[in-house]
Amino acid sequence: MSGETDRRIEQLLAALRDDNEALRDHAVASLGQLGAAAVAHLINLFADEDRVIREAARQAVVQVGADAVPAMLEALRDDDWAVREQAAEALGSLKDERAIEPLIAALKDRDGAVRQAAVMALEKLRDPRAVDGLIEALLDQTVREEAARALKKIPDPRVVDVLLRVLSSGNWIVNRHAAEALGLIGDTRALDGLREALRDEDWLVRRNAAESLARLGDRRAVEDLLPLLEDENDMVRETAEGALASLGWTPPNT
C-alpha cells in the first residue's frame with residue numbers, strides 16, 4: 001500500500017468521528033471506493049466504544065463489496081464479540097453465499113448479540129441451508145423471535161412441525177411470525193394449529209392465522225373463522241371477511 005493511500009485512509013477514518021453526518025457519509029463512501037486496502041483498518045473500528053463509529057465502519061465495508069468477504073469471515077471468529085457482531089451484520093448486507101455456513105455456525109456463538117446478528121444476516125440471505133440452524137435457534141430465548149421472522153422468509157416444509165409447536169409458545173411476537181409463516185409455506189398440516197390460533201389473545205396472531213387459512217384454501221376453516229366477523233379488532237374482522245370470501249362462504253340471505 002502506498003504512503004499516499006495510507007494517509008488517505010487515516011484521514012477518512014478520522015472523518016468517521018466527525019459530528020457532521022454528511023462528512024461521515026462521504027467518508028464511508030470514499031473508504032468503500034478504496035476497496036480491500038481499507039478493510040483491515042475498518043475492522044479495527046468494529047469494537048469502537050462509539051456505536052455510531054462501529055456502524056459507519058461496517059457500512060464502509062459493505063461498500064467495498066465482495067472483496068471484503070474473506071476478511072469478514074475471518075472477523076466472524078475474532079475474540080471480541082463486537083467485531084463478530086459487526087462482521088455478521090456486514091455479511092448479511094453483502095449477501096455472499098460464502099457466508100452461509102459460517103453464519104449458521106455463528107448461531108451458536110457464546111454472545112447473544114452475535115447470535116442475533118447472525119440470524120438477521122441469514123434472514124437477508126434467505127438460503128434453505130440455514131433452515132436447520134434457524135429451527136434450532138427457535139429454542140434460544142435470546143433470538144427465537146428473530147429466528148421465527150427469518151424462517152418466515154425461507155418457506156420450507158421442514159419447519160412446519162416446529163412452527164406449529166411454537167405457535168402456542170406464549171410469546172406473542174413468535175406466535176405472530178409463526179402464524180404468518182405457516183400460511184406462506186402452504187402445508188395443510190398447519191390447518192388445525194391455525195384454526196386454534198384464531199382464538200389467540202393477541203389480535204395480530206388472530207389476523208395472521210386468518211390470512212394463512214385463506215392461503216391454505218381449506219373450507220374446513222370456515223366455521224372457525226365465522227366468530228372473527230365479530231372480533232373486537234377492525235383488522236381481524238376485515239381479514240376474516242376476506243378469508244371467508246376466498247373460501248367460498250357467503251353471508252346468509254344474500
**Prompt:** How many angstroms lie between atom CZ of R220 and atom CG of L247, to the nearest 0.5 angstrom?
**Reply:** 11.5 Å
**Residues T5, I9; criterion side-chain contact (heavy atoms from CB on, under 4.5 Å); working and verdict** = CA-CA 6 Å; T5 301; I9 288 175; 4.0 Å; yes
**Request:** Assess whether side-chain contact (heavy atoms from CB on, under 4.5 Å) is satisfied between L134 and L138, documenting all intermediate values.
**Result:** CA-CA 6 Å; L134 290 169; L138 286 170; over 6 Å; no
**Request:** Supply the atom-to-atom distance N208 CG to L194 CG, rounded to the nearest 0.5 angstrom.
**Result:** 10.0 Å
**Item:** Any V62 side-chain heavy atom under 4.5 Å of Q59 side chain
**Value:** no
**Prompt:** So, do L31 and Q63 sit near enough that their side-chain heavy atoms are less than 4.5 Å apart?
**Reply:** no
**Message:** Do the side chains of D224 and R199 get close enough for a salt bridge, i.e. N-O under 4.0 angstrom?
**Reply:** yes
**Message:** If you compare all heavy atoms of A130 against all heavy atoms of I104, which two are closest, and at what distance to 0.1 Å?
**Reply:** CA-CD1, 3.7 Å
**Minimum heavy-atom distance L164-A190, with the two atoms named** = CD2-CA, 3.9 Å
**Message:** Apply side-chain contact (heavy atoms from CB on, under 4.5 Å) to residues L182 and L167 and explain how you reach the verdict.
**Reply:** CA-CA 10 Å; L182 287 165; L167 187 56; 4.0 Å; yes
**Prompt:** When rounded to the nearest 0.5 angstrom, what distance separates OG1 in T239 from CG in L204?
**Reply:** 9.0 Å
**Message:** Minimum heavy-atom separation for W203 and V236, please, with both atom names.
**Reply:** O-CG2, 3.3 Å
**Request:** Could you tell me whether the side chain of R206 and the main chain of D200 form a donor-acceptor pair under 3.5 Å?
**Result:** yes
**Asked** Roughly how far, to the nearest 0.5 Å, is the CD1 atom of I53 from the CZ atom of R17?
**Response** 5.0 Å
**Message:** Between E211 (side chain only) and A243 (backbone N and O only), is there a donor and an acceptor less than 3.5 Å apart?
**Reply:** no
**Request:** Compare all side-chain heavy atoms of L198 with those of L213 and state whether any distance is below 4.5 angstrom.
**Result:** yes
**Asked** Does a side-chain N-to-carboxylate-O contact under 4.0 Å join D202 and R176?
**Response** yes
**Message:** Between Q86 and I43, is there a side-chain heavy-atom distance shorter than 4.5 Å?
**Reply:** no
**Asked** Heavy-atom distance under 4.5 Å between the side chains of K108 and E136, does that happen here?
**Response** yes
**Asked** Pick from E145, R144, K152: which one makes a side chain to side chain donor-acceptor pair (under 3.5 Å) with H177?
**Response** K152
**Message:** Looking at A179, is its backbone amide N or carbonyl O close enough to the side chain of S212 to form a donor-acceptor pair, meaning the two atoms are under 3.5 Å apart?
**Reply:** yes
**Request:** Could you tell me whether a side-chain N or O of R237 sits under 3.5 Å from a main-chain N or O of D231, the two making a donor and an acceptor?
**Result:** yes
**Asked** So does R84 pair up with D79, basic N to acidic O under 4.0 Å?
**Response** no
**Message:** Strictly below 4.0 Å, N to O, side chains only: are E85 and R51 in salt-bridge contact?
**Reply:** yes
**Message:** What I'd like to find out is whether the side chain of D111 reaches to under 4.5 Å of the side chain of R115, using heavy atoms alone.
**Reply:** no
**Request:** May I ask whether L244 and L191 are part of the same hydrophobic cluster, defined by side-chain heavy atoms of I, L, V, M, F, W, Y residues being less than 4.5 angstrom apart, directly or through others?
**Result:** yes
**Request:** Indicate if I100 and V143 have the same hydrophobic cluster label, given that clusters are the connected sets of ILVMFWY residues with side-chain heavy-atom separations under 4.5 angstrom.
**Result:** yes
**Asked** Which heavy atom in L42 sits nearest to a heavy atom in A60, and how many Å separate them?
**Response** CD1-CB, 3.7 Å
**Asked** Can you check whether D48's main-chain N or O pairs, donor with acceptor, with R54's side chain at less than 3.5 Å?
**Response** yes
**Request:** Can you measure from NE2 (H26) to CG (L16) and round to the nearest 0.5 angstrom?
**Result:** 11.0 Å
**Request:** Using modelled atom types only, decide if a donor and an acceptor are shared between the side chain of R24 and the backbone of D18 within a distance under 3.5 Å.
**Result:** yes
**Full working for side-chain contact (heavy atoms from CB on, under 4.5 Å) between E123 and E146** = CA-CA 9 Å; E123 178 183 349; E146 291 84 356; 5.8 Å; no
**Prompt:** Out of curiosity, does V69 fall in the hydrophobic cluster containing M120 (side-chain heavy atoms, cut-off under 4.5 Å, transitive links)?
**Reply:** no
**Asked** Same cluster for L103 and W81 if Ile/Leu/Val/Met/Phe/Trp/Tyr side chains link at under 4.5 Å?
**Response** no
**Request:** State yes or no: do L184 and V160 share one hydrophobic cluster built from I, L, V, M, F, W and Y residues joined by side-chain heavy-atom distances below 4.5 Å, directly or via other members?
**Result:** no
**Item:** Backbone N/O of A99 and side chain of D96: donor-acceptor pair under 3.5 Å
**Value:** no
**Request:** Would you indicate whether K95, at its atom NZ, is surrounded by more than 12 heavy atoms from other residues, nucleotides or ligands within a distance under 6.0 Å?
**Result:** no
**Request:** State, yes or no, whether a side-chain contact exists between L12 and L34 at a heavy-atom distance under 4.5 Å.
**Result:** yes
**Asked** Do D109 and L76 touch side chain to side chain, with heavy atoms closer than 4.5 Å?
**Response** no
**Fill in**
All heavy atoms of A47 vs all of D80, minimum pair found to be CB-OD2, 3.5 Å
**Item:** Check against salt bridge (charged side-chain N to carboxylate O under 4.0 Å, His left out), R158 and D132
**Value:** CA-CA 8 Å; R158 286 176 293 167; D132 289 338; 3.4 Å; yes
**Message:** Measuring from atom CZ of R189 to atom CG of L163, what distance do you get when rounded to the nearest 0.5 angstrom?
**Reply:** 10.0 Å
**Item:** Minimal non-hydrogen separation, N175 against S168, with atom names
**Value:** OD1-N, 4.1 Å
